[in-house]
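Comments concern the structure below.
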Amino acid sequence: MPTADNTIVSRIDELTEIKETARLGTDPAATERQHAKGKLTAHERIALLLDKGSFNEVEPLRRHRASGFGLEDKKPHGDGVVTGWGKVHGRTVFAYAHDFRVFGGALGEAHAQKIHKIMDLAEAAGAPLVSLNDGAGARIQEGVSALAGYGGIFQRNTRASGVIPQISVMLGPCAGGAAYSPALTDFVFMVRETSQMFITGPDVVKAVTGEEISQNGLGGADVHSTVSGVSHFAYDNEEHCIEDVRYLLSLLPANNRELSPVERSGDPADRLTNALLDLVPAEPGQAYDIRKVIEEIVDDGEYFEVHPAWATNIVCALTRLDGHVVGIVANQPASMAGVLDIEASEKAARFVQFCDAFNIPLVTLVDVPGFLPGVDQEHNGIIRRGAKLLYAYCNATVPRISLVLRKAYGGAYIVMDSRSIGADLALAWPTNEIAVMGAEGAANVVFRREINAAEDPEAVRQQRITEYKDELMHPYYAAERGLIDDVIDPRETRSVLIRSLEMLRTKQADLPSRKHGNPPQ
């Protein structure tokens with residue numbers, strides 16, 4: 001008869017074997033198939049995401065209780081999802097990862113309850129949540145119980161929105177209703193070739209519309225990162241993707257009650273940005289890359305751009321100034337002259353809302369010729385969809401600084417966080433042109449009759465253009481009327497922004513008492 005010690009030891013050995021089997025999987029061929037597709041297993045992905053040795057798994061022994069369709073004979077531990085918490089750069093992060101080797105990562109009742117548990121823990125602990133998605137949707141054999149599990153996930157995604165950062169990493173298929181959980185989170189990462197997202201797959205599309213298309217053509221990483229805007233980032237492999245998830249987490253606060261971690265660099269706060277004199281042409285119609293301007297201003301030239309391949313006429317990025325995280329929104333003259341359109345407005349609006357929710361100050365770099373004219377833009381709702389950016393800025397209570405680099409015309413000037421909609425500080429370079437519209441267009445409208453009646457219409461038009469510029473578009477016109485707080489030397493841009501943000505760090509602002517606003521849709 002074994003002693004008590006031997007019984008405990010044998011139980012420990014049994015536990016170790018069970019957990020090791022759950023980690024490795026019961027079918028070695030399934031792991032090989034996963035690797036052959038260029039995909040890692042759930043535990044391998046979590047090991048990449050979290051600091052070494054920091055993972056604490058939750059409910060690794062959970063099994064489903066369903067029967068029928070052969071399920072009673074297949075009850076693997078973990079039920080196809082790995083859940084738990086660990087550290088990323090020493091800070092607590094919660095995560096769950098679908099295990100495609102088990103039921104194709106499909107979600108059943110027990111599977112969903114594990115995810116619900118970890119989501120509830122993340123919200124209670126006030127720590128970010130990362131989902132590593134690689135699943136075939138709802139577990140058909142479990143019927144409506146599986147569908148209800150998705151409902152619980154969506155409800156928790158919504159409840160945690162603006163409370164803790166939520167990041168979805170797409171590492172495999174995500175079809176049907178399952179695609180709505182990533183859509184409810186703050187950021188979506190995708191890997192080319194291996195990850196897809198769509199509501200209805202290619203077979204259904206063909207049956208209903210007759211259109212033939214591949215899975216990647218319908219909902220692959222490049223489609224969603226360049227066309228639909230569903231995905232914020234696209235990568236060639238899982239390792240690079242998860243590495244950038246870790247980097248993004250290093251820029252974010254744990255929750256909406258904290259500030260992002262400060263990381264000092266050797267970049268002096270008072271460094272002169274002399275290169276800006278050559279980077280930005282004085283001529284308002286000449287293109288340049290706003291990313292070069294951002295690199296010159298921020299700490300060590302490092303920034304993390306969000307949606308870099310979608311709505312490229314506006315740039316949204318997380319970066320640091322004097323070690324403190326800030327969000328930058330900037331018109332991009334190198335793409336569509338930096339004009340605001342539907343997609344740019346929606347992209348920037350979502351970014352502004354995120355920064356405001358998580359206490360990240362906003363710096364807006366303005367060089368905008370206006371809103372994009374056109375029948376398509378009007379018919380597709382530029383009024384209501386462009387108003388999303390206006391609403392987001394007006395609703396934001398974090399420190400807000402706008403800087404007009406060059407031109408700022410019409411309603412687009414107002415929308416790009418002008419003083420009139422609540423920017424704490426509105427600055428400008430001496431090359432700024434702030435007006436209802438460009439001088440050429442203004443002269444054509446205001447002096448149309450005079451120009452048409454003149455013996456030399458072009459000479460009169462040029463004369464009136466010059467007059468309009470001299471009277472209403474000189475660089476100090478807005479400053480003289482209190483709409484610009486200061487006109488600054490471009491070489492002092494970095495130091496002025498850092499000093500201004502330091503002053504605003506203790507800003508207190510409250511919104512009116514209300515259940516919630518009703519933003520334009």
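Ion pairing of Arg461 with Glu458 is present here, as a side-chain N (NZ or NE/NH1/NH2) and a carboxylate O approach within less than 4.0 Å. Glu296 has no carboxylate O lying under 4.0 Å from a charged side-chain N of Arg491, or vice versa, which leaves the two without a salt bridge. Between Arg192 and Asp236 there is a salt bridge, with a side-chain nitrogen of the basic residue lying less than 4.0 Å from a carboxylate oxygen of the acidic one. The pair Asp51-Arg246 meets the salt-bridge criterion, since a charged nitrogen lies less than 4.0 angstrom from a carboxylate oxygen. By the 4.0 Å N-to-carboxylate-O rule, Glu238 lies close enough to Arg45 to be salt-bridged with it. Asp267 and Arg494 are joined by a salt bridge, as a carboxylate oxygen and a charged side-chain nitrogen come within less than 4.0 angstrom of each other.
You'll find the side chain of Arg499 stays beyond 4.5 Å of the side chain of Asp270, heavy atoms only. Under the 4.5 Å side-chain criterion, counting only non-hydrogen atoms from C-beta, Leu425 is not in contact with Pro399. Side-chain contact between Thr185 and Ile167 is absent, with no heavy-atom pair separated by less than 4.5 Å.
Between the Thr431 side chain and the Leu405 main chain, a donor and an acceptor come within less than 3.5 Å of each other. Counting only distance, with no hydrogens or angles, the side chain of Asn256 and the backbone of Ala357 share no donor-acceptor pair below 3.5 Å. Ser181 places no side-chain N or O within 3.5 Å of a backbone atom of Ala178 that could act as its donor or acceptor partner. A donor-acceptor pair under 3.5 Å is absent between the side-chain atoms of His307 and the main chain of Lys347, judged by distance alone. At least one donor-acceptor pair under 3.5 Å links the side chain of Thr273 to the backbone N or O of Pro490. The main-chain N or O of Val339 is found under 3.5 Å from a side-chain atom of Asn313 such that the two form a donor-acceptor pair.
Closest of all the heavy-atom pairs between Leu279 and Lys292 is CD1-O, 3.6 Å. The two atoms that bring Leu272 and Glu492 nearest to each other are CD2-CG, 4.2 Å, heavy atoms only. When all heavy atoms of Val188 and Pro182 are compared, the closest pair comes out as CG2-O, 3.4 Å. Between Asp424 and Val398 the shortest heavy-atom distance is OD2-O, 3.7 Å. Asn331 and Val366 make their closest contact through OD1-CA, 3.4 Å (heavy atoms, listed as atom of the first residue, atom of the second, distance). Closest approach of Ile153 and His116 over heavy atoms only: N-NE2, 3.5 Å.
No side-chain N or O of Gln377 forms a donor-acceptor pair with one of Asp341 less than 3.5 Å apart. In the model, Glu193 has a side-chain atom that pairs as donor or acceptor with a side-chain atom of Asn216 under 3.5 Å. Looking at Glu433 and Tyr409, their side chains do bring a donor and an acceptor atom within 3.5 Å of each other.
Annotation: the span from Tyr413 atom OH to Ile434 atom CD1 amounts to 5.0 Å, rounded to 0.5 Å. For the atom pair CZ of Arg419 and CZ of Arg400, the computed distance is 11.5 Å after rounding to the nearest 0.5 Å. Once rounded to the nearest 0.5 Å, the distance linking CD of Gln166 with CE of Met119 reads 5.5 Å.
A cation-pi arrangement is found for Arg481 relative to Tyr477, the charged atom lying closer than 6.0 Å to the ring centre and inside a 45° cone about the ring normal.
Classification of the Phe154-Tyr150 ring pair by plane angle, with boundaries at 30° and 60°, yields parallel.
Annotation for Arg384: atom CZ counts as buried by contact number, over 12 foreign heavy atoms lying within 6.0 Å. Within 6.0 Å of CZ on Arg449 lie no more than 12 heavy atoms contributed by other residues, nucleotides or ligands. Around the OH atom of Tyr288, the shell of radius 6.0 Å holds more than 12 heavy atoms that belong to other residues, nucleotides or ligands. Remark: Ile199 CD1 is packed, more than 12 non-hydrogen atoms of other residues, nucleotides or ligands lying under 6.0 Å away. In this structure, Asn518 places its CG atom where only 12 or fewer heavy-atom neighbours from other residues, nucleotides or ligands lie under 6.0 Å away.
With respect to Trp429, the side-chain hydrogen bond (donor to acceptor under 3.5 Å, both in side chains) criterion is satisfied by exactly one of Asp489, Asp367, Thr493: Thr493. Screening Gln521, Glu346, Gln353 against Lys388 for a side-chain hydrogen bond (donor to acceptor under 3.5 Å, both in side chains) leaves a single residue, Glu346. Under the ring pair (Phe, Tyr, Trp, His ring centres under 6.0 Å) test applied with Tyr247, the options Phe233, Phe189, Phe187, Phe304 reduce to a single match, Phe304.
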